[in-house]
Amino acid sequence: MNRIRSSLSVSVRRHFIDNFFFGQAEVFKKAGKIIDIGGKKKNKRGLFDISDYASDVTYVNIDKTTEPDIVSDAASIPLPDNSFSAVILGEVLEHVPEPLSVLREARRLLIPEGKIVATVPFMVGVHGDPHDYGRYTKTFFEKAARDLGFSKIEISEQGTMFAVIALMVQHLFRAKNISWRPIQTPLVKFLMWLDQKTTTPILCAWTTGYGIVLTK
């Protein structure tokens, strides 16, 4: 029996990432030219695919195997100012030594009123791609966006402590190289149900990451 692939079955973190980008569909549909910095044309990790919403997408990556349109460092992209309506930064900023430099470069590439749509992890395991440099809070990105001159800043937490625990459960089973779906699946779903219900500040202080929309 074939199982239907879902973002949650990939990982709890991917569930939040995909849901966030799906939620920005109208932004992408209205945008003209879009640049996906660090994105992959093929073999995408999740279910979201920007090509379903936009026809003019430029992919930038330092990894040639991802078949990018431009092979370049994210902080120094050989394209002119004011070239794109939207910039995608999906799980990229933790992989660069100076995230502010990448945000500055992304802003340079945007037309006035253009948007950066980004996700960044927080309470997740260290993962090199090829390196993993840091975890940054909502306060960090708010200050960075203000300092860089963005006119509108929207940052939302993606999950609470229960989502973080659910992600850890998935990684624990993966580390043991076992599935045990009859145990793992309902446990993760129960934790995610609790995640949706909780409003307690001390539990909401834990999160898998953030969804970010910055308007130039």
Side-chain angles (χ1 to χ4, degrees), residues 7 11-31 33-40 44-51 53-54 57-63 66 68 70 72-77 79 83-111 113-124 127 129 131-159 163 207-216:
S7 296
S11 77
V12 168
R13 180 67 196 139
R14 185 55 53 179
H15 165 77
F16 284 111
I17 295 166
D18 277 351
N19 283 354
F20 174 75
F21 282 115
F22 282 129
Q24 299 299 318
E26 289 304 312
V27 171
F28 301 131
K29 288 177 182 177
K30 293 177 181 177
K33 296 173 65 178
I34 296 175
I35 184 168
D36 189 341
I37 301 174
K40 295 184 177 182
K44 298 181 185 293
R45 294 187 179 93
L47 303 185
F48 175 80
D49 189 338
I50 184 58
S51 65
Y53 303 95
V57 181
T58 300
Y59 290 87
V60 176
N61 206 301
I62 59 171
D63 184 358
T66 66
I70 299 173
S72 173
D73 184 278
S76 181
I77 299 171
L79 292 171
S83 297
F84 298 92
S85 302
V87 174
I88 295 175
L89 289 167
E91 305 292 273
V92 171
L93 295 174
E94 75 274 22
H95 295 299
V96 296
E98 297 180 4
L100 266 66
S101 297
V102 175
L103 288 174
R104 183 180 295 107
E105 180 71 349
R107 187 182 185 280
R108 180 186 70 80
L109 294 171
L110 281 176
I111 63 172
E113 303 298 320
K115 296 181 183 294
I116 292 177
V117 182
T119 60
V120 291
F122 193 63
M123 296 299 299
V124 305
H127 55 288
D129 191 18
H131 305 293
D132 189 343
Y133 288 97
R135 301 290 180 268
Y136 307 93
T137 64
K138 180 178 181 178
T139 304
F140 173 88
F141 286 111
E142 287 174 336
K143 183 179 186 305
R146 288 195 302 269
D147 291 347
L148 291 171
F150 285 95
S151 63
K152 188 175 181 181
I153 303 166
E154 303 169 72
I155 304 177
S156 56
E157 291 82 1
Q158 296 177 318
T207 186
T208 71
Y210 303 98
I212 302 171
V213 180
L214 306 176
T215 304
K216 184 172 180 179

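All heavy atoms count here, side chains included; hydrogens, waters and symmetry mates do not.
Residue Glu157 comes nearest to Tyr210 through the heavy atom pair CG-CE2, 3.7 Å, listed as atom of the first residue, atom of the second, then distance. What you find for Ala106 and Ile116 is that their closest heavy atoms are CB-CD1, 3.5 Å. Contact record, Ser151 with Lys216: OG-O, 3.2 Å, taken as the closest heavy-atom pair. Closest heavy-atom contact between Leu214 and Ala145: CD2-CB, 3.8 Å. Residues Ser7 and His15 approach most closely at CB-CA, 3.6 Å, considering heavy atoms. Closest of all the heavy-atom pairs between Gly38 and Val92 is CA-CG2, 4.0 Å.
Donor-acceptor pairing under 3.5 Å is recorded for the side chains of Thr215 and Lys115.
Glu105 places a side-chain N or O within 3.5 Å of a backbone atom of Ile77 that can act as its donor or acceptor partner.
Side-chain contact between Leu79 and Ile35 is present, with heavy atoms from C-beta onward closer than 4.5 Å.
A salt bridge does not link Arg45 to Glu91: none of the charged side-chain nitrogens sits closer than 4.0 Å to a carboxylate oxygen. Between Lys44 and Asp36 no salt bridge is recorded (no basic side-chain N to carboxylate O distance below 4.0 Å).
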In residues 20-31, what donor-acceptor pairs under 3.5 Å come from side-chain atoms, sequence neighbours left out?
none

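With sequence neighbours excluded, no residue forms a side-chain hydrogen bond (donor to acceptor under 3.5 Å, both in side chains) with Glu154.
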